S.K.: 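The structure that follows is given in the form of structure tokens.
Owing to the predicted nature of the structure, the values given are computational and were not obtained by experimental measurement. Nothing fancy with the numbering, it's 1 onward along the sequence.
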Amino acid sequence: MQFTRHTLCGPSSLERRALCPGSLAQESWLDRGDEKDEDADRGTTCHAAMEAFVLGRPEPELTDDEARDVKKAKEALEMLLMGDVILQEEVAPKVRKTRGGANVYVELELLDLPYSMESNEIGTMDLVFIYEDHILLIDWKFGGSFVPAPKWNLQLKGYALGLWNDFPTLPIHVVIVQPQVMVDYQVVPWVYEPEERDEFFSELSGIVSRCHREPDMLVVGKACQFCKAARHVTCPAIQRSLGAFASINAAGTQCLEEMTSMELGRVMAAAKAAEKAATAVVAQARKLAMGGKAIDGWSCNQDSSGAYRLARKAASPGWPKDAISHDYSDNLRELLFKD
């Protein structure tokens, strides 16, 4: 076990890879430098607060909302320890012990996860307690987005495979602490048994294998939320969906009325993904304009509040006609309804 960086098929990306096999190829073409947005900054701050709490260090300054979520996470941790206490004597950097004899690892990264194929995948676990007879694995989620329960959570299964490399006989108690969606503080771990190791390996290696076999299989929808290719609108499926929705808007409500419930559900998922990508494009364009880059047909000026806004000029160019299909029934179905 060592500390290092995430990789393209690390555990935190497996849900995205399962939903959209082509996302691996799309993201691999992009600069993999760290990027942050407002939601990511908030999560990073809350994670840092929990890390400081466990290690007995000064916590970062928090907003009221962040402080409320961190308070809930601390209470959940106390409940999960069931009377055990983290001792503050340092065993090693980011390592402590508990009164009950567990080794406590904060932000522990696993190397060469077993399901790896062409690259040696790694991933970071938020908080791990290694007891003599079991492992407690806690994952902090400080956003409000839906997170699969531990029973089906691919990220936690990936971590489990890495832990079983070193502790092959120990059951792993996994729990997600997500304060924004917690009705109360009753978080109950799900137990991964060592006998499930082969099943997990088959499932996760199958996901990665499909990504390599089907790099052109792109699915616009839930996977786009955290996909860098969607955020930068370099993904061709996102590009096509942005154009395709123009034809639906032109056709009006009748197009939607003609769709089945499943078709309409998929269109809605794609619409939300495209909307997020479009918002990101505007934000990035605004940043460039603020830096002095000219955008044909647009101006960038400060409003009364001091914020910069992009404004369309009268002679603003339109979207290229050859990039938009006006026949949604063929092109949009091909994009959105393909199983």
S.K.: Does some side-chain heavy atom of F167 sit less than 4.5 Å from a side-chain heavy atom of I135?
M.R.: yes
S.K.: Find the distance between NZ (K151) and CH2 (W190) and round it off to the nearest 0.5 Å.
M.R.: 4.5 Å
S.K.: Would you confirm whether H47, through its side chain, and W140, through its main-chain N or O, come within 3.5 Å as a donor-acceptor pair?
M.R.: yes
S.K.: Are side-chain heavy atoms of N120 and L111 found at a separation under 4.5 Å?
M.R.: no
S.K.: Please answer whether the main-chain N or O of F201 pairs with a side-chain N or O of S205 as donor and acceptor at a distance below 3.5 Å.
M.R.: yes
S.K.: Report yes if some heavy atom in the side chain of E15 is under 4.5 Å from a heavy atom in the side chain of Q155; otherwise report no.
M.R.: no
S.K.: Can any side-chain N or O of Q88 pair as donor or acceptor with the backbone N or O of G56 at less than 3.5 Å?
M.R.: yes
S.K.: Test your reading of the model: is there a side-chain donor-acceptor pair from S116 to the backbone of E121, 3.5 Å cut-off?
M.R.: yes
S.K.: Nearest heavy-atom pair of A289 and C300: which atoms, and what distance?
M.R.: CB-CB, 3.6 Å
S.K.: Hey, is E89 close enough to R96 for a salt bridge, meaning N to O under 4.0 Å?
M.R.: no
S.K.: In Å and rounded to the nearest 0.5 Å, what is the OG to CG distance from S13 to L154?
M.R.: 10.0 Å
S.K.: Of L77, D126, L81, V187, which is the lone residue that meets side chain to side chain contact (heavy atoms under 4.5 Å, CB included) with I138?
M.R.: L77
S.K.: Hey, is CD on E59 packed in by over 12 heavy atoms from elsewhere, all under 6.0 Å?
M.R.: yes
S.K.: What heavy-atom pair brings R17 and C211 nearest, and what distance separates the two atoms?
M.R.: CB-SG, 3.6 Å
S.K.: Under the criterion side-chain contact (heavy atoms from CB on, under 4.5 Å), I'd like the reasoning laid out for W164 against I172: C-alpha separation, chi angles, the key distance, then a yes or no.
M.R.: CA-CA 9 Å; W164 278 326; I172 303 175; 3.6 Å; yes
S.K.: Indicate, with yes or no, if the rings of Y192 and F200 have centres closer together than 6.0 Å.
M.R.: yes
S.K.: Side-chain contact, heavy-atom cut-off 4.5 Å: Q26 with P236?
M.R.: yes
S.K.: Indicate yes or no: does K71 engage E66 in a salt bridge with an N to O separation below 4.0 Å.
M.R.: no
S.K.: Between D84 and Y131, do the side chains contain an N or O donor and an N or O acceptor separated by less than 3.5 Å?
M.R.: yes
S.K.: Verify the cluster assignment for V282 and I295: are they in a single hydrophobic cluster under the rule of side-chain heavy atoms below 4.5 Å apart?
M.R.: yes
S.K.: Do F129 and L87 land in one hydrophobic cluster if side-chain heavy atoms of ILVMFWY residues count as linked below 4.5 Å?
M.R.: no
S.K.: Just so I know, are the side chains of Y308 and N301 near enough to count as touching, which here means a heavy-atom distance under 4.5 Å?
M.R.: no
S.K.: Spell out, as yes or no, whether a donor-acceptor pair under 3.5 Å connects the side chain of Y105 to the backbone of M125.
M.R.: no
S.K.: Are side-chain heavy atoms of D139 and V174 found at a separation under 4.5 Å?
M.R.: no
S.K.: Check the pair F142 / Q178 against side-chain contact (heavy atoms from CB on, under 4.5 Å), numbers first and verdict last.
M.R.: CA-CA 6 Å; F142 288 103; Q178 188 176 13; over 6 Å; no
S.K.: Taking all heavy atoms of P171 and all of D133, pick out the closest pair and write down the distance.
M.R.: CD-O, 3.4 Å
S.K.: Mind checking the NZ-CG spacing from K157 to L113? Nearest 0.5 Å is all I need.
M.R.: 15.0 Å
S.K.: Could you report the tightest heavy-atom contact between A223 and C20, atom names first, then the distance?
M.R.: CB-CB, 3.8 Å
S.K.: Is there a side-chain contact between L8 and L24 in this structure, where contact means two heavy atoms from C-beta onward sitting under 4.5 Å apart?
M.R.: yes
S.K.: Distance from T45 atom OG1 to E61 atom CD, nearest 0.5 Å?
M.R.: 10.0 Å
S.K.: Between F226 and L19, is there a shared hydrophobic cluster once you connect ILVMFWY residues whose side-chain heavy atoms come closer than 4.5 Å?
M.R.: no
S.K.: Is the number of heavy atoms from other residues, nucleotides or ligands within 6.0 Å of CD (E132) greater than 12?
M.R.: no
S.K.: As an exercise, state the distance from OG of S299 to CG of L310, rounded to the nearest 0.5 Å.
M.R.: 7.5 Å
S.K.: Which distance, rounded to the nearest 0.5 Å, do you find between the CG of L136 and the CG of L170?
M.R.: 12.5 Å
S.K.: Before giving the answer on side-chain contact (heavy atoms from CB on, under 4.5 Å), spell out for V54 and L127 the whole-Å C-alpha distance, their side-chain angles and the decisive distance to 0.1 Å.
M.R.: CA-CA 9 Å; V54 172; L127 185 58; 4.1 Å; yes
S.K.: Counting distance only, does the side-chain N/O of R286 pair as donor-acceptor with the main-chain N or O of R309 below 3.5 Å?
M.R.: no
S.K.: Hey, does P150 have a side-chain heavy atom less than 4.5 Å from the side chain of I176?
M.R.: yes
S.K.: Among residues at least two apart in sequence or on other chains, which ones pass side-chain contact (heavy atoms from CB on, under 4.5 Å) with N165?
M.R.: P114, R197
S.K.: Please check if the number of heavy atoms outside M290 that lie under 6.0 Å from its CE is greater than 12.
M.R.: yes
S.K.: Under 3.5 Å, side chain of E90 to main-chain N/O of V95, donor-acceptor pair present?
M.R.: no
S.K.: Using modelled atom types only, decide if a donor and an acceptor are shared between the side chain of E27 and the backbone of K228 within a distance under 3.5 Å.
M.R.: yes
S.K.: Can you tell me if Y115 uses its side chain to pair, donor with acceptor, with the backbone of C9 under 3.5 Å?
M.R.: yes
S.K.: So with a 6.0 Å cut-off around CZ of R68, is the heavy-atom count from everything else above 12?
M.R.: yes
S.K.: Specify the closest pair of heavy atoms between C235 and A230, including all atoms of both residues, with the distance to one decimal.
M.R.: CB-N, 4.4 Å
S.K.: For V177 and L80, run side-chain contact (heavy atoms from CB on, under 4.5 Å): C-alpha distance rounded to whole Å, both residues' side-chain angles, the deciding distance at 0.1 Å, then the answer.
M.R.: CA-CA 10 Å; V177 176; L80 288 164; 4.2 Å; yes
S.K.: Do you know the tightest heavy-atom contact between P60 and A49?
M.R.: CD-CA, 3.7 Å
S.K.: Tell me if a side-chain donor or acceptor on S209 pairs with a main-chain N or O of G206 at a distance below 3.5 Å.
M.R.: no
S.K.: Does the distance from a Lys or Arg side-chain N to an Asp or Glu carboxylate O, for K72 and D69, drop under 4.0 Å?
M.R.: no
